Amino acid sequence: MSKTYMRLAYSFRNRMIIIFFAIIIVPFLLFAYYAHIKSIEGISNANSTFSMSYLQQAKTNFEAYLHELNDQINALIGNKDLQQALEQLPGTTVHEEDFTVSMVSTLYKNTPLIDALRVRVYPLDPSRYPTYMSTIGESDQLGREDWFIQSKMETLPRWHLFMPQKGRYARPLLSYIKRFSGLYDQKARGIIVADLSENQLQRFFTPSEKMKGQKFLVLDDKGEVLYDSSNNAWTGSPIPSDSFPAWTGQAAEGSKTIDIGGDAHLVTYVRMDSEPWLIVSLTPLHTLIGPINELNRLLVLFLVVYLLCCLGVVMYITLYFTQPIAKLVRHMRRLETGDFRFLFPWSVRRDEIGWLYRGFGSMSRKIEGLIEQASRSERNKKELEFQVLSHQINPHFLYNTLESIRWKAENHGRSDISEMVSALGNLLRLSLNGGKDITTVARELEQVKAYVQIEQARMGKPVRMLVAFDEDILDLPFLRLLLQPLVENAIQHSIRENFEKGKIFISGYREEENLVIEISDNGRGIPQEVLDRLDKDSVSGDRREGGHRGVGLRNVNDRLKLYFGDACKLIIETGPGMGTKIVIRHPILSSESGQGGAA
């Protein structure tokens, strides 16, 4: 994924497209977005200022109305006829009927003076006044309702929202409820209720006809909507917004854009002084930005045309410039892998692209010729080397001769000579490997064991060597003559002086796509000057300077680097008193790379 991303990022075509959009399209989009945001911000600020001014005026008028309403109700409470009628409980039905006549008459004379839809006066115990309650259209069981019980217990006036009920209220009523007492004895006399209809509230909270969707709300201290100018849609329930209550609790007034019911609204509110209420103005944001929608549509149309023109320019650049360059890059990558089977590109263009194509074709043909020449030279060199080796010694003649010596030694009872000759023949057979460079791990180990057997017979002392290889790697292809020179180096230069305690340990295992072989000994270590010469060229001057010491190490190290590159050179850990550990990292070759030759 990262390689694909880097390839796309470094593409000339993609960078041209990015630069094109960065210097032309992006600034245009940013400017359009900035202008759009500023337009909305300006319209919102203007509407906020207007709405706040309107709400402040509505707040002043509404609070004056509530103050006047309270004075009017207090005047009714101070009426002597009302006070006298409620001073004593009726003892008989006749007394209760007289009370009804007196109370209805008093209310009929005085309630028109109160600016409310309806004014109701209830005794503290309505069940004792069935005739009166029936006359005013109420049940004598009204005293059991929660709002009535709560009103009897409170001394301060309170507000209650009566929602529509079948047979009682057709529309929501916001009622002012007050328990009153006697003028002189402070004894509770009754409860007075003044109902405010939508008409009373609409005088103070009427949205502008030009602002479609705008509405005014009155909320109590619990966040419940007491009045909704939009046909009481939310009356009796909270505003459908989680962020609204937390925001309005921070200041006495404010303005902000909030998501309500899935739509963005410009919300402006003020807090009343006489009541713990909020007066709120809600305006849908799409209503405010309606005037700039036409400009936005024109802008989008212009942007689409502009983008089409830009795409046309990009396509022109792509077809006539970047695509030919990309095609040339693909040819170059094929050439890097050594694939010369494709036809070299040619172009009749007279510009820089044509020059690149013709130059690349000429260079490719020259490289192909040089590679063919080098391959022929290498084949000739290997054939000559093989012929030289073949003329130096005939392997089958040598095998037969050694077999005859072994047979005669056995006839004369010299089994030690027989075993030594047999091991030498086996070592020679494995070393030559049928003229092939690639053998197997198992055959390489067999060669090491044959060499150690010869050394033990030659020196008359045992060599303690431990071999531990994973079974699954024994049949894998392996470059021949890698292990025997390293084991020889360990015997000759590390443990030779102390065979009784000297040990050699050889292990092999697979690590991802490599064979890892470790050869360790507990000898005296390899001198630093030998290690320093490993990476130098194997020239005759170096060999004379260092003598025979380190030649086996350097040969193995040079062959590994020659076949597999510098990443596969020997890794050596050594030092006085710690022995030597040599690590070979040999790539796992495919089966087509060749197996060891037969004996």
Side-chain angles (χ1 to χ4, degrees), residues 66 69-70 72-201 220 224 226-227 232 235-236:
L66 294 181
L69 178 64
N70 185 63
Q72 293 170 354
I73 291 176
N74 288 335
L76 178 59
I77 293 173
N79 186 279
K80 292 183 178 181
D81 295 335
L82 181 68
Q83 289 284 338
Q84 289 177 359
L86 293 171
E87 188 172 358
Q88 294 182 352
L89 294 175
T92 63
T93 303
V94 176
H95 290 163
E96 200 266 333
E97 290 177 352
D98 293 340
F99 167 82
T100 300
V101 173
S102 176
M103 181 64 71
V104 171
S105 176
T106 301
L107 294 177
Y108 180 77
K109 294 178 181 178
N110 293 278
T111 53
L113 302 177
I114 299 177
D115 188 5
L117 174 66
R118 182 178 60 174
V119 178
R120 295 170 285 167
V121 177
Y122 301 115
L124 292 180
D125 187 3
S127 62
R128 301 289 295 272
Y129 301 87
T131 303
Y132 172 71
M133 297 301 292
S134 176
T135 302
I136 64 175
E138 298 284 354
S139 171
D140 56 0
Q141 301 300 318
L142 183 66
R144 298 181 180 180
E145 296 185 11
D146 293 338
W147 70 269
F148 194 91
I149 296 173
Q150 187 175 358
S151 299
K152 286 172 58 177
M153 297 173 60
E154 296 181 356
T155 58
L156 296 177
R158 58 187 297 267
W159 291 87
H160 183 76
L161 180 64
F162 290 95
M163 296 303 294
Q165 297 180 12
K166 186 175 181 180
R168 298 190 65 184
Y169 312 114
R171 306 288 291 177
L173 292 177
L174 182 61
S175 300
Y176 179 77
I177 305 174
K178 186 174 185 179
R179 192 195 75 178
F180 62 92
S181 59
L183 297 178
Y184 306 107
D185 55 9
Q186 299 299 315
K187 182 179 179 181
R189 291 283 192 271
I191 295 176
I192 187 170
V193 180
D195 297 327
L196 304 185
S197 66
E198 294 180 53
N199 293 332
Q200 270 86 22
L201 297 175
D220 62 9
E224 183 178 355
L226 301 177
Y227 169 73
N232 288 305
T235 302

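We're numbering straight along the sequence, starting at 1. Everything numeric here is computed off the predicted structure, so don't read it as measured data.
- Applying the 6.0 Å contact sphere to CZ of R144 captures no more than 12 heavy atoms from other residues, nucleotides or ligands.
- Rounded to the nearest 0.5 angstrom, M103 CE and T131 OG1 are separated by 13.5 Å.
- Shortest non-hydrogen contact noted between R158 and W147 is NH1-O, 3.6 Å.
- Between the CG atom in L86 and the CD atom in Q84 there is a gap of 10.5 Å [rounded to 0.5 Å].
- Judged by distance alone, the side chain of Q72 and the main-chain N or O of D115 form a donor-acceptor pair under 3.5 Å.
- The structure places CZ of R120 at 5.5 Å from CD of E138, a figure rounded to the nearest 0.5 Å.
- When all heavy atoms of S197 and L173 are compared, the closest pair comes out as CA-CD2, 4.2 Å.
- Between V121 and T106, every side-chain heavy-atom pair lies at or beyond the 4.5 Å cut-off.
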Inset, instruction - Take Y227 and N232 through the side chain to side chain contact (heavy atoms under 4.5 Å, CB included) test and state the conclusion after the steps. - result: CA-CA 6 Å; Y227 169 73; N232 288 305; 4.3 Å; yes
Inset, instruction - Take L117 and N199 through the test side chain to side chain contact (heavy atoms under 4.5 Å, CB included) and record every step on the way to the result. - result: CA-CA 9 Å; L117 174 66; N199 293 332; over 6 Å; no
Inset, instruction - Evaluate the side chain to side chain contact (heavy atoms under 4.5 Å, CB included) criterion for residues D220 and L161: first the C-alpha distance (whole Å), next the side-chain angles of each, then the deciding distance (0.1 Å), finally the verdict. - result: CA-CA 10 Å; D220 62 9; L161 180 64; over 6 Å; no
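- Without hydrogens or angle criteria, R189 side chain to F180 main chain gives no donor-acceptor distance under 3.5 Å.
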Inset, instruction - Please assess N74 against K178 for the test side chain to side chain contact (heavy atoms under 4.5 Å, CB included), listing each intermediate value before the final yes or no. - result: CA-CA 10 Å; N74 288 335; K178 186 174 185 179; 2.4 Å; yes
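- Looking only at side-chain heavy atoms (C-beta outward), Y129 and L89 come within less than 4.5 Å of each other.
- Smallest separation of non-hydrogen atoms from P123 and M133: CD-SD, 4.5 Å.
- Considering only heavy atoms from C-beta on, Y176 stays 4.5 Å or farther from L66 through its side chain.
- The line from CZ of R179 to CD1 of I192 is 14.0 Å long, rounded to the nearest 0.5 Å.
- Between the side chains of D195 and S175, at least one donor-acceptor pair of N or O atoms lies under 3.5 Å.
- Listed here is the closest heavy atom pair of I77 and L82: CA-CD2, 4.1 Å.
- Separating the CD1 atom in I136 from the OG atom in S134 is a distance of 9.5 Å, to the nearest 0.5 Å.
- The cationic group of R118 does not satisfy the cation-pi geometry with F162, failing either the under 6.0 Å distance to the six-membered ring centre or the 45° limit from the ring axis.
- In terms of heavy atoms, A85 sits closest to S102 at CB-OG, 4.2 Å.
- By the 4.5 Å heavy-atom criterion applied to side chains, L226 and W159 are not counted as neighbours.
- Across all non-hydrogen atoms, the minimal contact from I177 to S151 is CG2-OG, 3.4 Å.
- Distance check, rounded to the nearest 0.5 Å: CG of D125 to CG of L142 gives 11.0 Å.
- More than 12 non-hydrogen atoms from other residues, nucleotides or ligands lie less than 6.0 angstrom from CG of D185.
- Between the side chains of T93 and E96, no donor-acceptor pair of N or O atoms lies under 3.5 Å.
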